[in-house]
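In the text below, chain A, chain B and the rest are named by the order of the sequence lines, each starting its count at 1. All values below were derived from every heavy atom in this structure, side-chain atoms included, with hydrogens, water molecules and symmetry-related copies excluded.
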Amino acid sequence: MNHIEQTITKPILSWYDKHHRDLPWRVSPAERSRGVKPSPYRVWLSEIMLQQTTVQAVRPYFTSFLERWPDVAALAAAKNDDVMSAWAGLGYYSRARNLKKCAEIVVAHHDGRFPDDVIELKKLPGIGDYTAAAVATIAFDRHAAVVDGNIERVVSRLFRLTTPLPALKRDIKTRMSDLTPVERPGDFAQAMMDLGAMVCSPKRPACGVCPVRETCLSAGRDDAEAFPFKPPKKKRPVRRGAAFVAIGQDGAVLLRRRIESGLLGGMAEVPTTGWTASADGALGTEAAPFAGDWTLSGTVRHIFTHFELHLDVYRGNFPERPASDGSWWSPRGDLDNEALPTVMKKAIAIAIDPNRQTARPQKGTMI
DNA sequence: CACCCGTGGGC
DNA sequence: TGCCCAAGGGT
């Protein structure tokens with residue numbers, strides 16, 4: 001056992017044995033020692049959901065996906081719309097599209113079993129450097145260097161690496177590979193991520209209870225949270241647009257499908273104008289799906305990753321439910337089952353009840 | 001490499 | 001309130 005293993009790897013694994021998070025997709029160290037094997041399907045599903053997404057947000061989605069599609073064959077046989085609507089609210093919808101494609105490929109070309117090595121995993125849609133390493137090591141106990149945001153933080157602080165991201169990533173991957181033990185590589189990757197989430201946090205790291213505080217070059221120093229160095233972020237521009245919530249008989253709402261690519265690709269929406277830097281929202285009702293008595297219900301303010309949207313929401317009553325090309329009337333009771341992203345739920349909510357304090361839709365139910 | 005791609009919670 | 005962040009991937 002070399003020095004690094006003695007001073008870093010082993011203390012972190014021991015810490016993990018005692019303090020690991022209990023997560024529904026995880027096989028605990030105790031279970032693992034009893035011979036319980038992780039399910040590659042569950043590991044993969046959780047890793048896709050966890051991309052840039054908090055554990056808290058993922059929990060209910062993971063549970064419902066697993067109930068509805070217990071294995072990769074079930075998911076491969078699912079309808080696209082059902083997968084998209086089940087994913088609605090979780091964000092980054094290309095993940096859902098790739099999830100479905102990946103399941104189909106695993107069933108059609110891999111006999112329904114996930115590959116156990118990084119090279120093959122990376123060929124699958126939605127699986128990149130991180131996820132390939134995570135699945136290989138967590139599901140199959142392969143020696144792979146997992147590098148996520150947590151590990152970038154832990155390793156950069158541990159060695160006080162001052163190269164800014166993303167250039168630093170290569171160095172971190174090498175160091176993570178060196179730290180990863182031959183025994184329990186999967187537990188070590190999860191241990192590093194738990195450490196990053198619970199102790200070596202972005203703000204106010206708890207160095208006093210860290211298992212590697214004696215080795216870490218940043219432990220207890222007031223600049224620990226300066227690591228890793230990141231490039232300055234650009235400010236978010238504002239885009240404006242208008243959305244049209246047509247209310248039909250019995251509260252049905254007119255919806256249409258967005259194109260497969262790009263923002264909210266493949267998701268459902270109410271008819272809207274384009275969203276641009278100029279004041280398209282001020283165009284009024286010229287872009288409405290049909291002429292009628294449209295009234296402004298309010299403005300939804302929604303933050304996307306790279307822009308902020310101010311969406312003027314117009315409501316119109318059309319009890320006769322006129323037809324509109326490429327659109328359909330979604331009955332009030334079906335609205336919760338549509339693949340509506342959060343921004344669209346906000347728009348519909350403010351149209352149905354303009355008096356509500358916030359445009360935020362209720363969790364779980366639309367109305 | 002730089003940009004696109006959601007959402008909700010914490011401070 | 002505004003900004004940061006979260007188990008990144010695709011192009």
Can you check whether [X] has a side-chain N or O nearer than 4.0 Å to OP1 or OP2 of [N]?
X	N	answer
A:K235	C:dC3	no
A:H302	B:dT7	yes
A:H306	B:dC5	yes

Side chain of [X] (C-beta onward), nearest among [options]:
X	options	answer
A:K233	B:dT7, C:dC5, C:dA7	C:dC5
A:T54	B:dT7, B:dC5, C:dA6	C:dA6
A:D129	B:dT7, C:dG9, C:dG8	C:dG9
A:T131	B:dC5, C:dA7, C:dG8	C:dG8
A:P202	B:dT7, B:dC5, C:dC5	C:dC5
A:Y93	B:dG6, C:dA7, B:dC3	B:dG6
A:R153	C:dA6, B:dC5, C:dG8	C:dA6
A:Q51	B:dT7, C:dA7, C:dG8	C:dG8
A:Y130	C:dG9, B:dC1, B:dG6	C:dG9
A:K230	C:dC5, C:dG8, B:dC5	C:dC5

Do any N or O atoms from the side chain of [X] and from the backbone of [Y] form a donor-acceptor pair under 3.5 angstrom?
X	Y	result
A:R321	A:W329	no
A:R315	A:A246	no
A:H110	A:P115	no

Please report, rounded to the nearest Å, how far the [atom2] atom of [N] is from the [atom1] atom of [X].
X	N	atom1	atom2	answer
A:L45	C:dA7	CG	C1'	13 Å
A:R95	C:dG9	CZ	P	11 Å
A:L264	B:dC4	CG	C1'	12 Å
A:D148	C:dA7	CG	P	6 Å
A:L165	C:dG8	CG	C1'	13 Å
A:R97	C:dG9	CZ	P	16 Å
A:D194	C:dA6	CG	P	14 Å
A:R301	B:dG8	CZ	P	14 Å

Give [X] one of three labels, base, sugar-phosphate or nothing, depending on what nucleic acid heavy atoms sit under 4.0 Å from its own.
X	answer
A:I127	sugar-phosphate
A:W87	nothing
A:L309	nothing
A:K169	nothing
A:G89	sugar-phosphate
A:R204	nothing

Is it true that A:W294 and A:F318 have ring centroids separated by less than 6.0 Å? yes

Which whole number of Å gives the distance between the P atom of C:dG9 and that of B:dG8? 22 Å

Rounding to the closest angstrom, what is the interatomic distance between C:dA7 and B:dC4 at atom P? 24 Å

Is there a donor-acceptor contact under 3.5 Å linking the side chains of [X] and [Y]?
X	Y	value
A:R160	A:S218	yes
A:Y130	A:Q51	no
A:N150	A:R153	yes

Classify the side chain of [X] and the base of [N] as holding, or not holding, a donor-acceptor pair under 3.5 Å.
X	N	answer
A:S94	C:dG10	no
A:T53	B:dG6	yes
A:Y92	B:dG6	yes

By nearest heavy atom, map A:A197 and A:N98 onto DNA chain C; which one lands nearer the 5' end? A:A197

Given DNA chain C, 5'-ward residue of the pair A:A132 and A:K203, judged by closest heavy atom: A:K203

DNA chain B: 5'-proximal contact among A:P166 and A:R239 (nearest heavy atom): A:P166

Under 6.0 Å from the six-membered ring centre of A:F227 and within 45° of its axis: does the NZ or CZ of A:R157 meet both? no

